[in-house]
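So the structure is just underneath, and the comments pick up after that.
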Amino acid sequence: MVSRLMEKGIPCRKLEELGFKKYRCKVCGSVFWSKVPRETCGDAPCERYRFLDIGCRRLGYEESMKEFLQFFERNGHKVIDPRPVVARWREDLYLTIASIVLFQPHVTSGMVPPPANPLVVAQPCIRLEDIDNVGLTMGRHLTNFIMGGHHAFNYPDKWVYWIDETVDYAYRFFVEDLRVPEEEITFKESWWEGGGNAGPAFEVAIGGLEVATLVFMQYSVENGKYLEMPIKVVDTGYGIERIAWLASKGVTAFHVIYGDLVHHFFVKLGVDEPSEDILRAALVESYGVDSVEDLAEKVSRDLGVSSKEVASMLRRAVEVFSLLDLTKTIALMLSDGVVPSNSGEGYLARLVIRRALRKISALGSDVKLGELVDLQIEKWYHLFPRMGKMRSYILEVLDIEEEKFREIIKSLPQIAKKFLKKQPSLEDLVELYDSRGVPPDMLAEYLRKVHGIAIDVPKNFYSMVAARHARTPLAKKSEKARLPNEIVEWTKNFPPTRRLFHEDPYLREFRSKVLGVLGNYVVLDATAFYPEGGGQLGDTGEICYGSECVKVVDTQKVGDVVVHVVERPISIAPGAEIVGKVDWERRYRLMRHHTATHLLLGALRKVLGEHVWQAGAEKTPTKARLDVTHYKIPSVDELKSIEKLVNEMITKGIHVVTKELDRNEAEERYGFVIYQGGVPQTARIRIVEIPGWDVEACFGTHVKNTSELGGFHIVNVEKIADGVVRFEYVAGTALIDYVSELEQKLSDIATAVGSSKREVADKVRSMVGELRNANSLLKAYRDLIVREVTSKASYEARDYVSGTKIFVYKLPVKDYRLANMISRELTQKIPRLIAFVLAPHEKGCYVEISLGKEAASLVDARSIIKELAKRLPIKGGGKHDHVTAIAEVPMTEFVNVLEKALSTDLIKAS
RNA sequence: GGGCCGGUAGCUCAGCCUGGAAGAGCGCUCGGUUCGCACCCGAGAGGUCCCGGGUUCAAAUCCCGGCCGGUCCA
């Protein structure tokens, strides 16, 4: 399909006008355009790196970014602000991996207009797929980079620009603005796909370095089929780091991006900086190498020096380079409020942090990760002000993460013990990594250094781990089907329901017309019943028609249509008028809990920090709960001040503002915090604002004034996952209910322990003391009885066959533990003894048979049970000198049978 | 969201596979040794084996469910 779409190549008159011609690369075979005839496409690896030898304007890193933005601004593009590196506006993506991500899916689908058209943005992006190559390629691979993107959205009725103009901009930017000789530039024809869209693309390369990709997005990909998009999108990505590299002639991209910081890092980490010769050679050779050894060999061959020395120097330098990159990625992610955790984007943050910590420890340095990240914050906060604002959060979180890492290191000696004598199997290594986070190379190094033991770590270790996590297809988390499929289909026949509950959240009774009824599902033209959504439960109440009323047990929505679920199937003709009555007591509780949730979230962000982000919520009539991202359970003091803040907001009586805004306007005015509760897929967004406190995109019903909550109390706080804290709380009438329920419980306890509410705590304390006493008394009494019985046995035990002795003791209470103690002690003291200790049991009689050392050498206790089993129903077993059993006859009968058996042939010396 | 590992004395853990009186080291208390301390020696206290259910004569151990912690991967 793609090849057919690409068959004709990319039509571009502009390149022809500029005098470019098509060629085919001798190495990779792809088609490319060039001003002068050439053998290869100009991109590495087909062509060696030459870009440092190509003349052009001299620009630094930030200058290059500004130059890019200004060039497009001069050419009619509006510069828009970059967004966070965490893609909060998207449910299908954790990180911002490209500038086009800002506009998918709502702009590319046509639902929302772009904030400007055409526009240009310098968007910080994070991509983790090359994390293992960072450093080794001298800066071609990075986990964070700035993508310069100019975008045009072409609508059928409003065309902006397309291929020719896009190519022209690229040509003019590089040739006229940066003054790169035009014969050095190639445009390679290619195909791009991502985020459900696809289209042909030009890859722009200069001296072996790909500097930009120009994508002409025109297909949406559905089930492997390419469908023509109504909106054609120009999606370009200029690598700002690479452009700066070309323009500044830095020896590695790290020197270009980080400047002085490179030297600081080398010094802090105690690593020698390789000479420029070595780095330059490394850069040229870095394409296609997959290990430092490989690279070092090639470099030393080029320079004619010892490869061993080069290898150790390069290995350490590569780690420093990658730490430069990783620490900036960490600063970016954490400053956008990611909380490290074991799932979601939090895991990605932890992954990068762990990687960085491992590298620091591999270098043998004791520098704290926080120190390195702090250097990055200092360098970058003028570009990314959030880094400055979030600094204390970032450093605290890194401390915690570093501590967790140290715990893993601390466990090494313990783990290593197991492998002192035996080689760990691959299975051992995988399990250690998978379940305890111990990377095999760390274990290998420990064993080598401390115990001088070498172990094998297979080269393909990480792919073995991956195989263990056999990929399951990404099950799209669908909303729990609250309505049967046929009902969902049926609702598609109706127009959007008028939302009286939004027009007036206090409306309890209303008249409206029936649009349709199917069984016990009712659709009206307008309703005051709130349908479940945004964590607020659907309303209940009743619908009356004529003289008849039916209970509404639930309200749901499908798209814009509200569906009332009634108690029993009814039949009302479409067009009939009904009266709807909302269960107001319940609904008002829900409303107050909903507003309380917004108040709490605002307070949490104030007290705990702006990294606090809603991770889930539920409001019921009796209780509400809110899950947020946070890295530890809040302290008692923090909880107190959170509760106090919320109650102050209630006392102040703040007016709650609700309005509808265009999506772009809402985002621009309030930022992405409005998407705490989820991202609505609509062009217009309903905003609920508690001025100065909290703003959220929210569908729910809220009280007019915070004073209506009356009061607020947090009833429970728990960590439900690493990095997620759950708050449960009550407000309004639910608070009163909670208190009286609590009081009732207290009085129940007081009654049960025979005390007053006032003194119940003391009473319970003394009871626990008494229980402890009773237990130690019980122990003492048991010992006493054991002694008594033992001394009784010493003269009461009677002689039996082969020099053995017999003693039968009937314990009158169901204390099997004591029975055990007695039988053990008896045979311990009298080695020739065969002891029978009996105790009552529901089924009859509990039997414990124990043999002293000498007796056990003559008789097997298990055979005694076998013999008895021939004479009465008994089940049991144990070891040769001790068995336990249950006989299903009363104790007296058991004794009779036992005595009779003893006098015949129960026990035969073996 | 999925996989895996773990929860036993104040702490670090063994025991679990293969069911049969709850263990070790460190720490604590007391005593000995010592001018005193450390070391050493001896004795002792300290456990709802995470919770609930099941299987069994018998469960820390086997099975099921839950809770909590850790970790890897999306």
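Order of the sequence lines sets the chain letters (A, B, ...), proteins ahead of strands, with each chain counted from 1.
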- Item | Whole-Å distance separating the CD atom of A:Glu403 from the P atom of B:G70 | 13 Å
- Message: Over all strands shown, is A:Arg862 touching base, sugar-phosphate only, or nothing at heavy-atom distances under 4.0 angstrom?
- Response: nothing
- Same-atom distance (P) from B:A38 to B:G32, integer angstrom: 15 Å
- Message: Taking any heavy-atom pair under 4.0 Å as a contact, classify A:Ile874: base, sugar-phosphate, or nothing.
- Response: nothing
- Query: Does a side-chain N or O from A:Lys879 land closer than 4.0 Å to OP1 or OP2 of B:G20, or not?
  - Reply: no
- Given B:A22, B:U71, B:G20, which nucleotide is nearest the side-chain atoms of A:Arg817? B:A22
- Message: What is the separation between atom CZ on A:Arg726 and atom C1' on B:C67, rounded to the nearest whole Å?
- Response: 13 Å
- Round to a whole Å and report the spacing from OH of A:Tyr816 to P of B:A59. 12 Å
- Query: Expressed in whole Å, how much space separates the P atoms belonging to B:C50 and B:U61?
  - Reply: 8 Å
- Message: Could you identify the nucleotide paired to B:U61, looking across every strand shown and requiring Watson-Crick or G-U wobble geometry with both distances under 3.5 Å?
- Response: none
- Query: RNA chain B: A:Ala885 or A:Ser411, which has the more 5' nearest nucleotide?
  - Reply: A:Ser411
- Message: Categorize A:Gly878 for me: base, sugar-phosphate, or nothing, with a 4.0 angstrom heavy-atom threshold over every strand shown.
- Response: base
- For A:Arg824 and B:A21, is the shortest distance between a side-chain N/O and OP1 or OP2 below 4.0 Å? yes
- Taking atom CG of A:Leu898 and atom CD of A:Glu867, what is their separation to the nearest 0.5 Å? 12.5 Å
- Presence of A:Lys875 side-chain N/O under 4.0 Å of B:U56 phosphate oxygens OP1/OP2: no
- Message: Under a 3.5 Å cut-off for both contacts, is B:U34 paired Watson-Crick or G-U wobble with anything, and if yes, with which nucleotide?
- Response: none
- Task: Both distances under 3.5 Å, Watson-Crick or G-U wobble: report the partner of B:U12, or none.
- Result: B:A24
- Message: I'd like the C1' distance from B:G53 over to B:C13, given in whole Å.
- Response: 29 Å
- Confirm from the modelled atom types if A:Ser435 and B:C4 form a donor-acceptor pair under 3.5 Å, side chain to base only. no
- Message: Can you tell me which nucleotide in B:A21, B:C72, B:C57 comes closest to the side chain of A:Arg354?
- Response: B:C72
- d(CD1, A:Ile408; C1', B:G6) in whole Å: 14 Å
- For B:A43, which nucleotide is its Watson-Crick or G-U wobble mate, given both distances must be under 3.5 Å? B:U29
- Item | Pair of N/O donor and acceptor under 3.5 Å linking B:U71 base with A:Asp434 side chain | no
- Query: If you look at every strand shown and take non-hydrogen atoms under 4.0 Å, does A:Gln828 touch a base, only sugar-phosphate, or nothing?
  - Reply: base
- Message: Once you apply a heavy-atom cut-off of 4.0 Å, does A:Tyr94 come out as touching a base, just sugar-phosphate, or nothing?
- Response: base
- Between B:U29 and B:A45, how far is it from one C1' atom to the other, in whole Å? 7 Å
- Query: For atom C1', what is the distance between B:A43 and B:C37, given to the nearest Å?
  - Reply: 22 Å
- Can you figure out which of B:U71, B:G20, B:A21 approaches the side chain of A:Asp722 most closely? B:U71
- Task: Please work out whether the ring planes of A:Tyr393 and A:His611 are parallel, tilted or perpendicular, with thresholds of 30° and 60°.
- Result: parallel
- Item | Side-chain heavy atoms of A:Phe836 within contact of A:Ile864, under 4.5 Å | yes
- Is there a Watson-Crick or G-U wobble partner for B:G1 with both distances under 3.5 Å, and if so, which one is it? B:C73
- Taking CD from A:Glu407 and P from B:G69, how many angstroms apart are they, rounded to a whole number? 16 Å
- Query: For atom P, what is the distance between B:G23 and B:A60, given to the nearest Å?
  - Reply: 13 Å
- Task: May I ask which nucleotide in the shown strands pairs with B:C49, Watson-Crick or G-U wobble, both distances under 3.5 Å?
- Result: none
- Item | Nearest-0.5 Å distance, NE2 of residue A:His880 to CG of residue A:Asp860 | 7.0 Å
- Starting at atom CE of A:Met821, determine the distance to atom P of B:G20, rounded to an integer number of angstrom. 20 Å
- Item | A:Leu429 CG - B:U71 C1' separation (whole Å) | 16 Å
- Which distance, rounded to the nearest 0.5 Å, do you find between the CD of A:Glu402 and the OG of A:Ser361? 10.0 Å
- Task: Pick the P atom in B:C62 and in B:G70, then give their distance to the nearest Å.
- Result: 24 Å
- Describe, in one word, how the ring planes of A:Tyr675 and A:Phe672 are oriented to each other, choosing from parallel (under 30°), tilted (30 to 60°) and perpendicular (over 60°). tilted
- Using the C1' atom in both, what is the distance from B:G19 to B:A58, to the nearest Å? 8 Å
- Phosphate contact (B:C4 OP1 or OP2) by A:Arg436 side-chain N/O below 4.0 Å: no
- Could you state the NZ-P distance from A:Lys632 to B:G69, rounded to the nearest angstrom? 16 Å
- Query: Can you name the side-chain contact (heavy atoms from CB on, under 4.5 Å) partners of A:Thr790, sequence neighbours left out?
  - Reply: A:Val786, A:Glu825, A:Leu826, A:Lys829
- Taking it one step at a time, do A:Lys449 and A:Glu445 satisfy salt bridge (charged side-chain N to carboxylate O under 4.0 Å, His left out)? CA-CA 6 Å; A:Lys449 275 197 180 156; A:Glu445 196 187 310; 3.1 Å; yes
